[in-house]
Amino acid sequence: MKLLRVDMSQSKVWWEPVPPIYEHLGGRALIAKILLEEVPPTCEPLGPLNKLIYAPGLLGGCGVTTAGRLSVGGKSPLTKGVKEANAGGTAGDALGKLGIKAVVIEGRAPQGSWSILHIHNDSAEILPAGGAQGLGTYATSDVLQERHGASSTVISIGQAGEMRLGGAGICVTGEGGQRSNHAARGGLGAVMGSKGLKAIVIDKPVGMSVPLADADLFRTAARTFAQKIINDPKLGTQGSQHLYGTASIVAAVNEMGSLPTRNFSNGNFEGADTLRGEYLREVTLSRGGEAGTRCMPGCVIACRNVYVDTSGKPIVGTLQFETIALLGSNLGLGNLDEVAQLNRMCNDFGLDTIETGAALGVALEAGVGKFGDFESIQKLLAQVGEGTALGRLIGNGAVVTGKVLGINRVPAAVGQGMPGYDPRSLKGNGVTYATSPQGADHTAGNAFGARKEVNPLGIQGQKELSLRLQIIAAMLDSTGLCLFARPPIIASPQLMVDMLNGRYGWGWTTEDYDRANRDVLRMELEFNRAAGLTSANYRIPEFMCEEPLPPHNVTFDVPDTDLDSVFETL
Ligand code: SF4
């Protein structure tokens, strides 16, 4: 495999063989290692010394179900530490098939200069953006696919990334004109914008496949893995994940009193009934929309949807739980049509719906618009795309919005807005938000699925649970696997070891694999330490430790000593 390096300062691209220190790493693990080796930890995240890395997971391009996710990473302008965000679509598969272990962007183009990186088989070149700058991600993807072919993959930023806003994410296209895959979190779209890179276009690799060290071992393990998912009652064709998507948990999160409501002031939303996954499916299908669609070819779970308006015209594909929580209940909105419209605007501007929903909640609390008033919220969000002063403020995320508007009820940890579970009533997630080197991120170790195993309202067992989940998340993000496909691997780690050994011939044991997963967190914590993050950064905001959350009237009371010792046994 090889690395594609791009220096935006000199408009130069070159290929390098993969050095031995990067050989056994993929996705999130590779990002952590490259940051440690090549990026000064105290550098300015939007400056020329930061690097932006696009890396498929270790199983990218192999055809393993759900394993084609693309990891994007760099030093985050929000957390000021390591950041990895990943997306579906066709990029991870394409890079894997091309034998590209990572694309590493460094330097910074001169102010006002915008470029496209075009990858075609073994060649890569930097081209002028040619009028794509200034466009949202939908139009950017359309323009570039017209130019380079409808089967190409486009990785792009919208206006938010061009303005280098901290809430900016990166959009990745999928098959059949699909647009809504986002490596959303941590402000990586702003890092891409800071480089002067509007988009990457990858021509579809034709007739290429990855070499397999032991094809029988690999294929047997990959088939078993897919079959176990198909047989899983939650993930198979009759399962809630397939039928209702991630929104299937809206009712359960609301019932447990953890659904962010009106800037995290309640865990129970009175309008949750019309935000539920079951309702979403009913409305979608009755209008001629789609349910059970895929973000990448070959996924046997198919958890996505195409949400349409009353005339059957697509608004957004897909409408997901975190977006429903942050742009819905958190803003006092119980109408899916309204949430979908805000979702589309965020997607087009290239904004993280979680960070933006958290920032909007803070802004509404400051009186800049009203909870439950769609019109005032839509106008506020429109200002982000227009680049007004207020819009840029909100686009920079929850912490900046709170600081400027004088609100200290800011739902953020390690500089990043919180996802759709209030940590006071799901304390395992609170431990993850506070301690993960990735900041407040539900994909870094989500305790929702373990709520029957560890009491979500108690403090006992939370730090052990969080550590276990954080190690699993590091594995998923490094192999390119979708979070929802984890049950068979958790039940049988040997399955993953067999797929890796079949692909690479490493002869790994389950102990090697466990060590590799833990190493991801070790590297990330080391980078963050060197970047200056201390235990004072790894905390839940004070208001959540003091203000009881209805309906259970609980505070976040996991002791600091527990937070500080989560990684003691790593
Ligand atoms: S389960 Fe959903 S998010 Fe995961 S790969 Fe499949 S379609 Fe994409």
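Ligands are counted one by one from 1 in listed order, and the atoms in each one are counted from 1 as well. Just so it is clear, the model here is predicted, and its values are computed rather than measured.
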Do Tyr504 and Phe218 have ring centres separated by under 6.0 Å? no
Are any of the side-chain heavy atoms of Trp506 and Leu58 separated by less than 4.5 Å? yes
For atom 2 (Fe) of ligand 1, count the protein N, O or S atoms found under 2.8 Å away. 1
What pair of heavy atoms forms the shortest contact from Arg179 to Asp142, and how long is it? NH2-OD1, 2.8 Å
Does the side chain of Met1 reach to within under 4.5 Å of the side chain of Val210, using non-hydrogen atoms? no
For Pro205, what residues pass the side-chain contact (heavy atoms from CB on, under 4.5 Å) criterion, not counting sequence neighbours? Ala94, Lys97, Leu98, Met208
Could you walk me through whether Thr318 and Asn305 satisfy the side chain to side chain donor-acceptor pair (under 3.5 Å) test, starting with their C-alpha distance in whole Å, then the side-chain angles of each, then the deciding distance to 0.1 Å, before giving a yes or no? CA-CA 5 Å; Thr318 180; Asn305 56 67; 3.3 Å; yes
